[in-house]
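In what follows, a structure is listed as structure tokens, so that the remarks can point back to it.
Chain letters run A, B, ... following the sequence lines, proteins first, then strands; residues in each count from 1.
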Protein chains: 2
Amino acid sequence: MLAQAATNSTFPVGALSGANRVGVSRGAPASFSPDQPHQVVFYDGNQEIYAQGERAKALYQVEFGMVRLYRLLADGRRQISAFHVAGEVFGFEMDGQHHFFAEAVGRVGIRVFRQPANDANWRQTLTAALAALVRAQEHMLVIGRQNAAERVAAFLIDMQERQGGDRHIELPMSRNDIGDYLGLTIETVSRMLSKLKANGVIRLTNARTIEVVDEAALEALCE
Amino acid sequence: MLAQAATNSTFPVGALSGANRVGVSRGAPASFSPDQPHQVVFYDGNQEIYAQGERAKALYQVEFGMVRLYRLLADGRRQISAFHVAGEVFGFEMDGQHHFFAEAVGRVGIRVFRQPANDANWRQTLTAALAALVRAQEHMLVIGRQNAAERVAAFLIDMQERQGGDRHIELPMSRNDIGDYLGLTIETVSRMLSKLKANGVIRLTNARTIEVVDEAALEALCE
DNA sequence: CGCCTCATTGATTCTACTCAATTCGGGTGG
DNA sequence: CCACCCGAATTGAGTAGAATCAATGAGGCG
């Protein structure tokens with residue numbers, strides 16, 4: 001498990017705000033701190049946080065870094081349903097079981113809340129769950145009805161917003177992850193990024209660092 | 001709005017159970033009845049229950065019939081994020097606003113709960129929200145990573161389970177709805193159904209009534 | 001320095017979309 | 001009752017877009 005260390009600082013709210021492109025303010029919970037001693041656990045990149053089918057025993061809040069949630073088909077096809085960044089809560093269960101895999105994308109710090117949803121923290125839990133639900137439903141629109149270029153553009157804008165709106169975006173995840181999130185192959189993701197670059201919409205400092213040059217053009221791609 | 005009539009019967013729990021194909025028991029709430037006088041409202045087919053951006057003022061539980069939730073892109077492309085059947089709760093809001101459209105598929109009865117989530121009903125609300133979340137995440141796997149045949153097969157199995165597992169399935173929605181749910185065109189949906197029919201997997205009594213002949217073959221398509 | 005993984009680019013294939021033409025079924029009115 | 005009409009569904013032909021297969025390039029690390 002490799003779970004290391006444990007601090008107990010007050011939760012620093014991630015500086016994540018701003019409305020997304022379809023006019024929904026993301027509503028990450030301002031804080032999430034049930035009255036219990038909780039701890040921060042660290043994971044290295046690609047480490048498993050929990051597995052599908054595993055007995056759920058806690059909720060998790062990202063402290064720093066990024067987490068991916070995904071499911072697999074029998075033949076190995078993978079769909080990443082969400083990336084979670086600082087401040088976001090994940091690990092909701094139904095029937096006491098996790099229905100997805102959760103893994104660290106890079107090194108990540110996770111605050112663990114071992115007590116289940118109860119009368120004291122229900123509101124925070126519900127708020128976090130609804131945020132995840134709205135996000136999931138919005139993502140369905142992207143993967144169900146947008147073409148490759150639009151998906152990549154939507155992804156970049158989403159990442160940009162979640163990193164504070166700066167023109168320089170850091171992509172902690174691989175092309176493979178992006179593909180599995182957008183329902184595309186890694187080649188198509190790469191091609192679309194190259195096209196955006198060729199059209200002067202973005203600049204690729206390196207494979208994992210992107211600068212948005214023409215934000216309007218990027219947004220236009222999202223309809 | 002056309003909202004008609006109002007009864008006040010005790011809620012009859014829909015006979016909806018059974019694990020879905022990926023081993024998740026669907027967890028529709030056994031009941032949902034905050035201690036308030038609530039009423040059943042009836043809608044005709046294609047009537048709007050609420051609109052995107054509309055101020056949210058209630059939660060809704062399907063009494064009978066079917067409801068579709070969807071979003072639109074600027075150019076009219078539509079993604080249906082969920083169909084809801086008897087017993088299921090929808091209409092969760094964030095920031096006091098609905099983020100989706102809700103419409104009756106055919107004639108439908110809806111129990112309306114006007115009071116917001118509170119200390120008395122938080123558990124039921126959370127359970128319903130988590131059920132919707134798990135469903136949404138599972139549907140992402142279908143539209144993100146499965147081909148047309150697999151999507152249609154998954155849809156049929158899902159409908160079958162939600163109607164009690166009988167071999168005879170009633171599809172209250174149009175091919176257009178199915179397409180917008182699965183991220184396919186109506187022609188592709190039709191072709192896949194024809195292919196399943198040609199292969200002896202299903203029988204089409206009429207366009208809206210399907211009999212599952214070879215359940216194993218259907219499930220095999222879902223991986 | 002060389003290896004290994006990740007990313008990019010190219011050539012080709014194939015799935016699902018688009019456009020178009022029937023067909024089917026349900027409802028209406030003569 | 002039957003003919004007609006209209007929207008929904010099916011079927012067909014051709015095309016476009018993303019997947020696949022394959023080769024090359026760029027970093028990062030021992």
Original post:
Given atom CD of A:Gln146 and atom P of D:dA18, what is their separation to the nearest angstrom?
Top reply: 12 Å

Subject >> Full working for side-chain contact (heavy atoms from CB on, under 4.5 Å) between B:Asp180 and B:Ile80 >> reply: CA-CA 6 Å; B:Asp180 284 349; B:Ile80 292 179; 4.0 Å; yes

Original post:
Can you check the B:Leu171 CG to D:dT10 P distance for me, whole Å?
Top reply: 10 Å

Original post:
With sugar-phosphate meaning primed atoms plus P, OP1 and OP2, does B:Gly179 contact a base, only sugar-phosphate, or nothing at under 4.0 Å between heavy atoms?
Top reply: nothing

Original post:
Looking at A:Thr185, does any N or O in its side chain come under 4.0 Å of the phosphate oxygens OP1/OP2 on D:dA19?
Top reply: yes

Subject >> Nucleic acid contacts - residues 194-206 of chain B versus DNA chain D, non-hydrogen atoms under 4.0 Å >> reply: B:Ser194

Subject >> Pairwise distance OG1(B:Thr188) to CG(B:Leu182) - rounded to 0.5 angstrom >> reply: 10.5 Å

Original post:
Below 4.5 Å, heavy atoms only, C-beta onward: do A:Met140 and B:His139 meet side chain to side chain?
Top reply: yes

Subject >> Salt-bridge present (B:Glu138, A:Arg71; N to O < 4.0 Å) >> reply: yes

**OP:** May I have the distance from B:Leu182 (atom CG) to C:dA16 (atom C1'), rounded to whole angstrom?
**Re:** 13 Å

Contact list (N/O, under 3.5 angstrom) for nucleotides 3-7 of chain C vs protein:
from  : atom 1 : to       : atom 2 : distance (Å)
C:dA7 : OP1    : A:Arg175 : N      : 3.4
C:dA7 : OP1    : A:Arg208 : NE     : 2.9
C:dA7 : OP1    : A:Arg208 : NH2    : 3.2
C:dA7 : OP2    : A:Arg175 : N      : 3.1

Original post:
Only one of A:Phe101, A:Phe83, A:Tyr50 forms a side-chain contact (heavy atoms from CB on, under 4.5 Å) with A:Leu69, so which one is it?
Top reply: A:Tyr50

Original post:
Do A:Glu161 and A:Leu156 come within less than 4.5 Å of each other through their side chains, counting heavy atoms only?
Top reply: no

Original post:
How many Å lie between CZ on B:Arg77 and C1' on C:dA16, as a whole number?
Top reply: 15 Å

Original post:
A:Glu54 side chain to A:Ala51 main-chain N or O, any donor-acceptor pair under 3.5 Å?
Top reply: yes

Original post:
Starting at the 5' end of DNA chain D, which residue's closest nucleotide do you reach first, B:Leu193 or A:Asn147?
Top reply: B:Leu193

Original post:
Does B:Tyr70 reach the side chain of B:Gln79, with side-chain heavy atoms less than 4.5 Å apart?
Top reply: no

Subject >> Closest non-hydrogen atom pair between B:Val134 and A:Met94, with its separation >> reply: CG2-CG, 3.8 Å

**OP:** Would you classify A:Leu184 as touching base, sugar-phosphate or nothing, given that sugar-phosphate means primed atoms plus P, OP1 and OP2, and contacts are heavy atoms under 4.0 Å?
**Re:** sugar-phosphate

Taking N or O atoms only and anything under 3.5 Å, show me the protein contacts with nucleotides 10-13 of chain C, one pair per line.
from   : atom 1 : to       : atom 2 : distance (Å)
C:dG10 : N7     : A:Arg191 : NH1    : 2.9
C:dG10 : O6     : A:Arg191 : NH2    : 3.2

Original post:
Checking ring-ring contact (aromatic ring centres under 6.0 Å, His included) against B:Tyr60, which of B:Phe90, B:Phe113, B:Tyr43 comes through?
Top reply: B:Phe90

Original post:
Nearest-Å distance, CE (B:Met192) to P (C:dT15)?
Top reply: 9 Å

Subject >> Salt-bridge criterion met for B:Arg167 and B:Glu215 (N-O under 4.0 Å) >> reply: no

